[in-house]
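Beneath this line is the structure, given in structure tokens, with notes to follow.
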Amino acid sequence: MSTLIQFVANYDDLSTDKGFQFKFHCDRCHNGYMSRFQPNAIGIAGSLLQAAGSLFGGLGGAENAAYHIQRAVGGKAHDAALETAVAEGKQQFKQCTRCGHWVCPDACWNHSAGLCETCAPDEQEELRAHQAQAAQEQIREKTRAQDYTQHLDFLNRDALLQCPNCQAKLTADQKFCGSCGTPTPAANTQARHCTGCGEALKPEQKFCAECGTKN
């Protein structure tokens with residue numbers, strides 16, 4: 001193009017051989033505006049030639065002609081459609097005279113300052129944002145100042161125990177699960193000693209083999 005076209009730094013080209021359409025984005029928040037669809041007469045003609053070629057088994061290079069016509073999508077018709085879409089899209093955005101960015105008027109434009117909110121942030125929004133940030137920092141600092149580990153036994157390296165039935169957490173001295181009553185593995189493997197002589201007993205022993213005491 002020989003002339004300068006504004007407002008094309010941030011857009012998606014959605015054009016096809018059937019027509020032209022563009023989506024323009026706010027340079028700040030990236031919200032978009034879709035331009036109206038502009039039919040492409042050359043592309044429609046190409047589709048008709050393709051249809052005719054398929055119906056009649058090829059009409060003297062009709063398919064080749066359609067191929068060359070489709071290539072024209074990126075030519076003057078496309079440039080004119082883009083210029084029209086730019087003129088349409090510019091009505092939905094505002095340009096900041098300080099940074100030059102095009103932004104949406106609803107979320108990113110400071111109407112009182114006449115600049116985008118990157119260059120001239122809204123005072124109340126900025127205040128609320130910094131208040132929230134300060135609150136987060138204070139909560140983090142006060143939370144770290146608290147001692148949440150004073151009741152933990154840092155010297156105990158025994159494995160964590162769980163109930164084999166309901167997976168509830170157990171302590172090493174629990175013989176039965178407090179949630180479902182299932183005997184714990186610790187209870188099954190706990191060492192037994194004779195109440196009479198102190199001799200070690202096997203889990204299935206009812207009488208001591210040394211003194212005969214019933215246990």
- Item | Audit row: H25, D12, side-chain hydrogen bond (donor to acceptor under 3.5 Å, both in side chains) steps and yes/no | CA-CA 8 Å; H25 299 273; D12 297 326; 2.8 Å; yes
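- Smallest separation of non-hydrogen atoms from T195 and K214: OG1-O, 4.2 Å.
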- Working for side chain to side chain contact (heavy atoms under 4.5 Å, CB included), residues H101 and T118: CA-CA 10 Å; H101 289 165; T118 299; 5.9 Å; no
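- The two residues C26 and N10 make their nearest non-hydrogen contact at O-ND2, 3.6 Å.
- Linking Ile, Leu, Val, Met, Phe, Trp and Tyr whenever their side-chain heavy atoms come within less than 4.5 Å leaves M34 and V86 in two separate clusters.
- No side-chain heavy atom of L161 sits under 4.5 Å from any side-chain heavy atom of Q174.
- For N110 (side chain) and A120 (main-chain N/O), a donor-acceptor pair under 3.5 Å exists by modelled atom type.
- One distance of note links CD of Q136 with CZ of R140; it measures 6.5 Å at 0.5 Å rounding.
- How far SG of C116 is from NZ of K94: 12.5 Å, rounded to the nearest 0.5 Å.
- Linking Ile, Leu, Val, Met, Phe, Trp and Tyr residues whenever their side-chain heavy atoms come within less than 4.5 Å leaves F20 and F37 in two separate clusters.
- Contact detail for P121 and E126: the closest heavy-atom pair is CB-OE1, 3.5 Å.
- More than 12 heavy atoms of other residues, nucleotides or ligands shown are found within 6.0 angstrom of NZ on K90.
- Taken from CZ in F93 to CG in D106, the straight-line distance is 10.0 Å, to the nearest 0.5 Å.
- Residues forming a side chain to side chain contact (heavy atoms under 4.5 Å, CB included) with S179 (at least two apart in sequence, or on another chain): C166, A168, C177.
- In the model, T213 has no side-chain atom that pairs as donor or acceptor with a side-chain atom of N215 under 3.5 Å.
- The heavy-atom pair separating E88 from R36 by the smallest distance is OE2-N, 3.2 Å.
- Taken to the nearest 0.5 Å, the CH2 atom of W102 stands 14.5 Å off from the SG atom of C108.
- Scanning all heavy atoms of the two residues, the minimum distance from G100 to Q95 falls at O-NE2, 3.2 Å.
- Rounded to the nearest 0.5 Å, atoms CG (D122) and NE2 (H111) are 10.0 Å apart.
- With rounding to the nearest 0.5 Å, the separation of CD in Q21 from CG in L82 is 13.0 Å.
- Using a 4.5 Å heavy-atom threshold, the side chains of F22 and S15 count as touching.
- Counting all heavy atoms, side chain and backbone alike, L115 lies closest to C96 at CD2-SG, 3.8 Å.
- Atom CD of E123 is surrounded by 12 or fewer heavy atoms from other residues, nucleotides or ligands within 6.0 Å.
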